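Below is one structure. I have some questions about it.
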Amino acid sequence: PRLRAHSLAQQQRLVALLAERGVAARGGTHDRGAFVVVRSAAAQAWADALEARGIVTDVGLFLEQLAVELVPSYRRS
């Protein structure tokens with residue numbers, strides 16, 4: 001429960017920061033998983049930039065969707 005609460009707080013912060021910059025994002029609610037989702041034609045470029053910084057992403061190219069996973073214990077090998 002503590003990890004989920006921490007993850008939700010991080011998601012809510014990211015969604016709020018994106019909104020301040022005019023970027024619509026979904027996430028940070030109890031009915032969603034550990035992802036913040038942004039739909040944009042720039043999704044692949046954003047994912048590449050984030051992954052270069054060690055941030056795990058998943059890009060659905062057909063949906064032009066970027067999902068940022070906010071689970072601190074997960075590391076992609």
Side-chain angles (χ1 to χ4, degrees):
R2 278 189 350 198
L3 182 58
R4 178 67 177 153
H6 178 72
S7 176
L8 282 172
Q10 286 184 312
Q11 291 176 55
Q12 291 164 355
R13 181 168 184 250
L14 180 55
V15 169
L17 290 169
L18 289 167
E20 288 175 10
R21 288 157 180 80
V23 177
R26 292 180 315 197
T29 59
H30 289 281
D31 62 333
R32 301 199 62 82
F35 289 90
V36 169
V37 177
V38 177
R39 292 181 189 259
S40 171
Q44 186 63 58
W46 291 350
D48 292 344
L50 289 168
E51 287 195 35
R53 294 181 174 174
I55 299 171
V56 176
T57 64
D58 181 17
V59 178
L61 294 176
F62 294 107
L63 298 175
E64 295 180 329
Q65 168 175 297
L66 171 66
V68 179
E69 186 172 23
L70 296 174
V71 179
S73 62
Y74 177 79
R75 295 280 187 254
R76 181 179 282 175
S77 36

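Nothing here was measured: the structure is a model prediction, and the numbers come from that model.
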Please name the pair of heavy atoms, one in Val38 and one in Ala25, separated by the smallest distance, quoted to 0.1 Å.
->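 So the minimum-distance heavy-atom pair works out to CG2-CB, 3.7 Å.
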Is the closest side-chain heavy-atom distance between Glu51 and Ile55 below 4.5 Å?
-> no
What's the spacing between Gln11 CD and Thr29 OG1 if we round to 0.5 Å?
-> 7.5 Å
If you measure from CG on Leu18 to CZ on Arg13, what distance do you get to the nearest 0.5 Å?
-> 11.0 Å
Taking the side chain as every heavy atom from C-beta outward, state whether Val15 and Arg26 have any pair of such atoms under 4.5 Å apart.
->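 Counting from C-beta outward, Val15 and Arg26 never come under 4.5 Å.
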When rounded to the nearest 0.5 angstrom, what distance separates CG in Asp58 from CZ in Phe35?
->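 Separation between the atoms: 6.0 Å.
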Which atom of Gly28 lies closest to which atom of Leu8, heavy atoms considered =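 Between these two residues, the closest heavy atoms are C-CD2, 3.7 Å.
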Would you confirm whether Arg21, through its side chain, and Leu17, through its main-chain N or O, come within 3.5 Å as a donor-acceptor pair?
->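 It does hold such a pair.
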Are Leu14 and Val23 in one and the same hydrophobic cluster, where Ile, Leu, Val, Met, Phe, Trp and Tyr link if side-chain heavy atoms are under 4.5 Å apart?
-> yes
